Amino acid sequence: MKAKALTGYALLFLMVALVSPWIGPGSISPGEVASYLQGDRQPAGDIFWHQRVPRVLLALLAGGALAVVGASFQVLFRNPLVEPFTLGISGGAALGAFLTISFPALWAVWGPFGSLQIFAVLGAAAALFLIQRLARSPRGMSVYTLLLAGVTISIICAGGILLLTYLAEPNSLVVFQRWMMGGLDILGYGQLLGILPLLLPGLGLLLYHARDLNHIALSEDLALAQGVDVQLVRRNVFVGGGLATAAVVSLVGPIGFVGLIVPHAVRRLSGVDLRMVLPAAFLLGGAALAVCDTVARTVLSPTELPVGIITALIGGPLFIHLLISQRWR
Amino acid sequence: MIELRDITHRFPGIDWELSVSELILRAGEVLGIIGPNGSGKTTLLHIAAGLLAPRSGQVQLEGRDLQGLNRRSAARELGFLPQELSSEYDLTVEELVGMGRYPHVEGWGRLGPDDRAAIDSSLQLTGMLLLRMRRLSQLSGGEKKRAFLASVLAQQPRFLLLDEPAAALDLPHQIRFFQLLHRLARDGMGIAVVTHDINLAALYSDRLLLLSAGKILSLGSPQQVLTRDRVTEVYGADVLMGEHPETGCPILIARAAREDTG
């Protein structure tokens, strides 16, 4: 039964992956795409292989990762409103990004990464580290303190951003604002591959603990008594989710709603078992973000909309619909 | 057996401490743990289950130090049913019971024939076979408790610790619950149950432990523990004593309303 349900998600994911690259301003024919691979460097083929395909792949990966982190965090924190960005990790990333934008002295390039991305990762990592330190106590990590610390860090980062905004030049404001809206426009595969060293271990940790998380969601005392190392699982899930979020945010900015809504949709469709929910959330989240990005590319063609606007404008109403049409899970 | 030796534990803001010099739970017995609210019953149970490390003292499970034992291997021998059980996480009964196989199944949790047999037999024992496909949100309070008990039984523990398992149940369900515990003990399981229902505890326990302000006030057969003086001392003058019509086992009952007391 479970395998069959996952197949459905996988088919949707594959379909979106195969179709999206063909959609966008300016038509591209299969012939041009194929001949590009045979060495015929026409612009259409170049756009397809070096802009569209990496962009769709990034959307699939980022959307999937955000949904997996959201699904795990909602269980870890016993709170259906938590998303990957609730905990100040994206706040830290945004502060790091804005710092770079405001102080050109920080500009640097390291491999495929610009300093904006590097500082976003550093900001996110700093936030992650700080939150974890704050939540540590002799009796172990309390999820309540963790959540509170995360929200507080988030507010402090927002305060820092306001301060920078107040002091910043108009030019850097425009750049920063664009970053905050989220965007999936990358060129080539370097940056995409570059986030994998953070993203894959993060997601791996979450999947590895899916079964343990089921137990913790049910009852922490019962989980302990049935042999689950609750403290270890909590820490790993928090750090794993944090790493994955940092990797995604540093490259695409804080794209909201995917990490909040997709987990709810999956639980509604397929039950609460995280061994099912996490893979399904990856597939559905990836497909959802790729579709939103395709809309963002085409709806105002030839101009592009930032994808964050689309996810919020499509996701918001969808979420309200979920809210009024069903009981919380 | 489970042995507690020289256990002490303090609570923030409370001027007494839990202190138990020796307590042994043997295989094949039901030990009822009773006492007023806030006398340390749940804490004692948590310490015995290894969920809480006492400030001092030792808990041994079959001669091995429980705190030093790997959680999984402890869980294969020791089951614990907590008092608070949420059902927000809307699993089916069968999924819930399957989760009890956690200490026996590594990795992703794929269940084999042994696991299926254990699940079936605990569903059978708790009378939940016909409800196995139901979701927790579709169960009554009594069915929910039994479903969670089935999950703990699927661990196939030799010792079972329960915290107020029958608190939310009506009388027939309480009776059935305690009869089940009685039967499990006859089959060799060692069971300790914390409960406020002194009458059921007295009726179904081999031994009673009366806890008051963190100390063992009395430990022995229900007749030995529930003496008139002790009951008045612990529960006050408004609790009267009688005898069970069948067994003569002591029962406690509230004094009738009186005009002269506020």
Side-chain angles (χ1 to χ4, degrees), chain A residues 1-3 5-6 71-72 74-81 137-140 143 204 206-234 263-264 266-279 326-329, chain B residues 12 42 45-46 48-53 66 69-92 94-111 135-137 147-149 151-155 157 159-163:
Chain A
M1 196 184 87
K2 280 182 177 159
L6 263 190
S72 311
Q74 284 167 11
V75 166
L76 181 69
F77 293 106
R78 305 177 166 280
N79 186 332
L81 287 173
S137 82
R139 293 200 56 188
V143 281
L206 297 183
L207 282 173
Y208 177 74
H209 285 302
R211 184 177 169 223
D212 307 316
L213 269 180
N214 276 339
H215 283 262
I216 292 176
L218 194 62
S219 151
E220 280 181 19
D221 280 345
L222 189 60
L224 262 177
Q226 290 188 325
V228 180
D229 190 340
V230 173
Q231 284 300 328
L232 176 86
V233 174
R234 264 190 206 155
H264 283 281
V266 170
R267 280 194 295 267
R268 187 168 161 69
L269 292 169
S270 312
V272 292
D273 185 347
L274 282 164
R275 289 174 296 177
M276 172 73 201
V277 169
L278 293 189
Q326 72 151 77
R327 219 153 35 87
W328 281 102
R329 281 270 178 268
Chain B
T42 294
L45 204 66
H46 279 213
L51 297 188
L52 186 66
L66 187 59
L69 213 57
N70 172 301
R71 288 231 65 88
R72 259 176 203 267
S73 46
R76 285 194 284 267
E77 295 177 52
L78 179 58
F80 171 72
L81 186 66
Q83 184 176 1
E84 305 275 336
L85 295 165
S86 89
S87 50
E88 275 171 61
Y89 207 56
D90 205 12
L91 302 157
T92 65
E94 191 169 68
E95 285 171 332
L96 171 65
V97 179
M99 284 168 72
R101 297 303 291 166
Y102 186 90
H104 297 272
V105 183
E106 298 281 331
W108 200 243
R110 205 177 187 82
L111 302 174
R135 296 201 164 273
L136 290 182
S137 58
F148 276 96
L149 177 66
S151 179
V152 176
L153 290 180
Q155 286 170 240
F159 297 93
L160 182 59
L161 311 175
L162 309 99
D163 194 0

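All values derive from a computational prediction rather than experimental measurement. No hydrogens, no waters, no symmetry mates; every other heavy atom, side chains included, goes into these values.
Between the side chain of B/Arg71 and the backbone N or O of A/Ala225, no donor-acceptor pair lies under 3.5 Å.
For B/Leu78, the part lying near chain A is the backbone, with the side chain staying farther off; criterion is any non-hydrogen pair under 4.5 Å. With a 4.5 angstrom heavy-atom cutoff, B/Ser151 touches chain A via backbone and side-chain atoms both.
For the pair B/Tyr102/A/His215, a side-chain contact is recorded, criterion being any heavy-atom separation below 4.5 Å from C-beta on. Looking at heavy atoms from C-beta onward, B/Tyr89 lies in side-chain contact with A/Asn214 at the 4.5 angstrom threshold.
Across B/Leu161, B/Val105, B/Val152, the residue that shares the most heavy-atom pairs under 4.5 angstrom with chain A is B/Val105. Comparing A/Val230, A/Val75, A/Asp212, A/Asp229 by heavy-atom pairs within less than 4.5 Å of chain B, the highest count is held by A/Asp212.
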Take A/Leu218 and B/Phe148 through the test side chain to side chain contact (heavy atoms under 4.5 Å, CB included) and record every step on the way to the result.
CA-CA 10 Å; A/Leu218 194 62; B/Phe148 276 96; 3.9 Å; yes
Stepwise, does the side chain to side chain contact (heavy atoms under 4.5 Å, CB included) test hold for A/Leu222 with B/Met99?
CA-CA 10 Å; A/Leu222 189 60; B/Met99 284 168 72; over 6 Å; no
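Remark: A/Arg211 CZ to B/Arg110 CZ distance equals 12.5 Å, nearest 0.5 Å.
Judged as a salt bridge (Lys or Arg N to Asp or Glu O under 4.0 Å), and not counting sequence neighbours, B/Arg76 has no contacts. Partners of B/Glu106 according to the salt bridge (Lys or Arg N to Asp or Glu O under 4.0 Å) rule, which considers only residues two or more places apart in sequence or in another chain, are B/Arg72.
The shortest non-hydrogen separation linking B/Pro103 to A/Gln226 is CD-O, 3.3 Å.
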